[in-house]
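As structure tokens, the structure follows; a few thoughts come after it.
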There are 2 protein chains.
Amino acid sequence: MITIKEMAQMLDISTTTVSNVIHGKTGEVSSATIEKVRRLIEEYDYVPNINARNLARNESGIIGLAMKTNRDKYENFIKDPFAGELTGAVESCVRAKGYFIMLYISDDISEIINSVASWNVDGLILFGIAKEDGILLKKRVKKPMVFVDCYIEDSIFEYVNVGIEDRKGCYEITKHLISKGHKKIAYLADNCEGGDYERFKGFKDAITEAGISYDEEDFIMLRPNGADLSLLLADVHRRVKSYTAFVCASDYYAVHIINYLKDHGVSIPEDISIVGFDDNEYSRMVRPALTTVHQDISQKGGIAVEKLFQMIHEEDYGENYTRLPVYVVERDSVKEV
Amino acid sequence: MITIKEMAQMLDISTTTVSNVIHGKTGEVSSATIEKVRRLIEEYDYVPNINARNLARNESGIIGLAMKTNRDKYENFIKDPFAGELTGAVESCVRAKGYFIMLYISDDISEIINSVASWNVDGLILFGIAKEDGILLKKRVKKPMVFVDCYIEDSIFEYVNVGIEDRKGCYEITKHLISKGHKKIAYLADNCEGGDYERFKGFKDAITEAGISYDEEDFIMLRPNGADLSLLLADVHRRVKSYTAFVCASDYYAVHIINYLKDHGVSIPEDISIVGFDDNEYSRMVRPALTTVHQDISQKGGIAVEKLFQMIHEEDYGENYTRLPVYVVERDSVKEV
DNA sequence: ATGAAAGCGCTAACAA
DNA sequence: TTGTTAGCGCTTTCAT
């Protein structure tokens with residue numbers, strides 16, 4: 001790899017001049033020199049050493065994409081289609097800005113924090129961050145960052161977040177069920193925090209509004225403490241007769257449940273209606289195709305990147321919170337009762 | 001961020017000494033000094049500036065993960081569950097080695113090449129690379145690299161590759177079909193290159209061995225030149241009556257075809273048997289669950305990283321080619337005829 | 001056991 | 001229009 005200095009020597013000019021033509025500051029360079037330099041660059045395939053540049057400029061051109069994982073939940077995080085799509089969307093937007101993505105996937109937030117400092121990343125996009133980690137992050141890293149799908153009470157600290165209307169979405173789809181005559185509805189999720197909690201609230205909003213009573217039993221907790229999924233599915237199966245509809249906190253579970261139930265002789269939506277949340281590929285692939293609420297993950301990633309760069313450039317980035325709209329998409333997993 | 005120099009000044013010692021204790025070269029440092037330095041590091045949360053380190057060492061600690069995409073095929077590459085899983089596997093192995101992943105997703109190989117040079121990456125894992133790009137890569141980048149699932153005739157140049165037994169896998173599953181009495185079998189794919197071509201050869205091996213004649217018509221080309229998938233699916237539907245089984249080059253298509261056909265009143269496997277290749281999540285999610293050939297993507301990524309580091313450390317990395325084994329997994333999409 | 005100093009490749013303020 | 005030079009933070013060789 002040829003360097004600026006070498007080129008300067010070869011042409012018997014200064015590094016500044018070379019640097020200037022490299023950066024298109026050609027206002028102050030004679031066209032003869034420009035030409036000479038350009039030729040050399042071409043001939044020797046000059047590419048700048050980014051480390052040196054970053055060191056000198058005290059920037060990095062790197063955007064960190066950090067995902068906090070859950071060791072007992074994922075063996076391979078990006079396998080999750082959600083994470084994959086988000087990664088892809090973020091990558092392409094960041095690349096379009098001439099920056100690079102460094103991927104941090106870890107269940108140890110301080111590992112992420114150290115890497116970020118070490119690499120002097122210019123900005124950070126965070127996904128899957130819970131309260132304590134958010135606090136730590138906020139305290140230890142002084143770079144622009146935007147959270148995705150984060151639900152930390154904003155009383156604790158200010159942060160910019162891009163998420164979706166989790167609560168409203170779940171409210172809408174539950175209302176949809178109710179409008180089809182359903183009155184005995186259960187909510188199924190694997191936790192009761194963050195977005196899933198919001199969705200749960202939306203569920204309750206809808207049934208409360210419809211005058212349907214809610215009992216703790218109607219929250220079916222999936223996979224508490226890593227118990228075997230098929231055991232839980234068996235339990236779900238047992239409870240089919242108590243309800244006319246299930247609202248699942250995610251398509252992932254909805255699809256698993258549909259398949260399990262079908263395999264065990266229950267007809268959907270005849271015996272029970274099922275709806276999901278996310279509108280991912282799976283929801284289109286199951287049969288009956290899943291009625292669910294749609295969210296646009298690529299848009300989410302795009303907006304997160306947009307905001308991050310506004311922060312980096314110290315422009316106005318608008319509200320701290322942005323909640324992207326969602327909507328119900330009707331397919332075939334709900335019947336009128 | 002505190003620097004080595006600052007710490008040295010505060011303690012009134014030299015940067016060399018500080019650097020030495022940072023790197024555990026404590027053989028030549030008095031334990032009093034060690035203690036002092038350690039405390040400072042602790043207190044001020046010292047983290048090394050990686051740019052500076054890399055510049056000095058002429059290394060980067062970065063492994064590039066480059067994926068060549070196909071503009072008209074993908075809007076978002078990582079959305080593809082295969083790419084996502086591979087990314088996740090590679091990331092975690094690379095992290096375990098104390099290196100970082102920089103993601104390059106682009107349809108322009110020279111963009112990738114320049115970035116690689118600029119960042120002075122220590123090694124490269126390449127996915128989705130075709131012949132011309134492989135040649136360019138080989139010529140322009142002088143760093144260790146390993147290809148994943150690459151099929152360039154090795155006569156052109158030497159490269160290390162980790163892939164799977166595409167041909168054998170497709171041979172096995174076709175044989176499986178034949179063993180179930182099938183004689184009229186079509187092969188469906190969206191191209192006839194690289195791995196898909198190998199799979200096709202495996203298909204032909206099996207039918208030839210069984211004395212079944214092959215006609216060009218039996219290769220059903222999906223999505224040639226980006227034509228609309230549903231049109232093609234309609235065509236596939238029309239041809240159901242000519243065959244008793246379809247072997248699809250990937251689960252992706254197999255699942256789409258199953259759903260399309262089911263939606264149009266054909267029963268699977270009663271009216272036609274269908275098999276896929278890859279054993280991804282989709283194959284477990286469709287009904288009937290797909291009989292397919294299993295490959296282990298995480299293992300593939302892990303081995304690619306292993307080999308890459310052997311090359312980086314100039315150790316023996318064994319064969320240039322490694323072909324990971326695959327096997328048929330029987331589910332419910334095939335019936336005996 | 002400790003330190004001085006050169007250098008990695010590039011940038012940018014300043015001088016000429 | 002072009003050149004000089006002092007860093008950026010760290011590593012490393014060679015003295016002491």
Side-chain angles (χ1 to χ4, degrees), chain A residues 1-38 40-41 44-62 98 100 114-122, chain B residues 1-38 40-41 44-62 98 100 114-122:
Chain A
M1 268 186 53
I2 198 170
T3 68
I4 287 190
K5 202 203 226 172
E6 287 165 349
M7 295 197 291
Q9 280 167 350
M10 293 168 78
L11 297 174
D12 212 33
I13 60 178
S14 79
T15 60
T16 309
T17 306
V18 177
S19 173
N20 277 140
V21 0
I22 287 170
H23 292 92
K25 296 185 198 294
T26 51
E28 321 204 313
V29 185
S30 76
S31 47
T33 318
I34 294 178
E35 198 40 43
K36 282 192 296 184
V37 175
R38 291 244 168 93
L40 257 204
I41 289 180
Y44 287 88
D45 275 332
Y46 168 79
V47 280
N49 178 320
I50 296 201
N51 273 313
R53 172 180 294 178
N54 293 342
L55 185 58
R57 284 197 189 155
N58 190 32
E59 300 177 346
S60 67
I62 297 178
F100 294 88
N114 283 339
S115 304
V116 164
S118 247
W119 282 100
N120 190 24
V121 305
D122 294 333
Chain B
M1 269 188 51
I2 198 170
T3 67
I4 286 190
K5 201 204 226 170
E6 287 165 349
M7 295 196 292
Q9 280 167 351
M10 293 168 78
L11 296 174
D12 211 34
I13 59 178
S14 78
T15 60
T16 311
T17 305
V18 177
S19 173
N20 277 141
V21 0
I22 287 170
H23 292 91
K25 297 186 198 293
T26 51
E28 320 204 314
V29 184
S30 76
S31 46
T33 316
I34 294 179
E35 198 40 43
K36 284 193 295 184
V37 175
R38 291 243 168 93
L40 257 203
I41 290 180
Y44 286 88
D45 274 335
Y46 168 79
V47 280
N49 178 320
I50 297 201
N51 273 312
R53 172 180 293 179
N54 293 342
L55 184 59
R57 283 197 191 155
N58 191 31
E59 301 177 346
S60 66
I62 297 177
F100 295 88
N114 283 339
S115 305
V116 163
S118 250
W119 282 101
N120 190 22
V121 306
D122 295 333

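We use all heavy atoms of the structure for the numbers below, so side chains are in, but hydrogens, waters and symmetry mates are not.
Partners of A/Asn49 according to the side-chain hydrogen bond (donor to acceptor under 3.5 Å, both in side chains) rule, which considers only residues two or more places apart in sequence or in another chain, do not exist here. With sequence neighbours excluded, no residue forms a side-chain hydrogen bond (donor to acceptor under 3.5 Å, both in side chains) with B/Ser118. Under the rule for a salt bridge (Lys or Arg N to Asp or Glu O under 4.0 Å), the partners of B/Glu35 that lie at least two apart in sequence or sit in another chain are B/Arg39. Taking the side-chain hydrogen bond (donor to acceptor under 3.5 Å, both in side chains) definition, one finds that A/Asp12 meets it with nothing, sequence neighbours left out.
Closest heavy-atom contact between B/Asp122 and B/Gly61: OD2-N, 2.7 Å.
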**Prompt:** What one-letter contact string describes nucleotides 9-16 of chain D from 5' to 3', where B marks a base within less than 4.0 Å of any protein heavy atom, S marks contact via sugar-phosphate atoms alone, and - marks no contact?
**Reply:** BBSBB---
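Side-chain nitrogen and oxygen atoms of B/Thr17 include at least one within less than 4.0 Å of the OP1 or OP2 phosphate oxygen of C/dG3.
Rounded to 10°, the helix from C/dA1-D/dT16 to C/dA16-D/dT1 has 40° between the axis fitted to its first five pairs and the one fitted to its last five.
Rounded to the nearest 0.5 Å, atoms CZ (A/Arg53) and CD1 (A/Ile22) are 7.5 Å apart. Considering CH2 of B/Trp119 and CD1 of A/Ile50, their distance stands at 5.0 Å, rounded to 0.5 Å.
A donor-acceptor distance shorter than 3.5 angstrom exists from the side chain of B/Ser60 to the backbone of B/Asn120, with no hydrogens or angles considered.
Here A/Asp12 lies in heavy-atom contact (under 4.0 Å) with sugar-phosphate atoms only.
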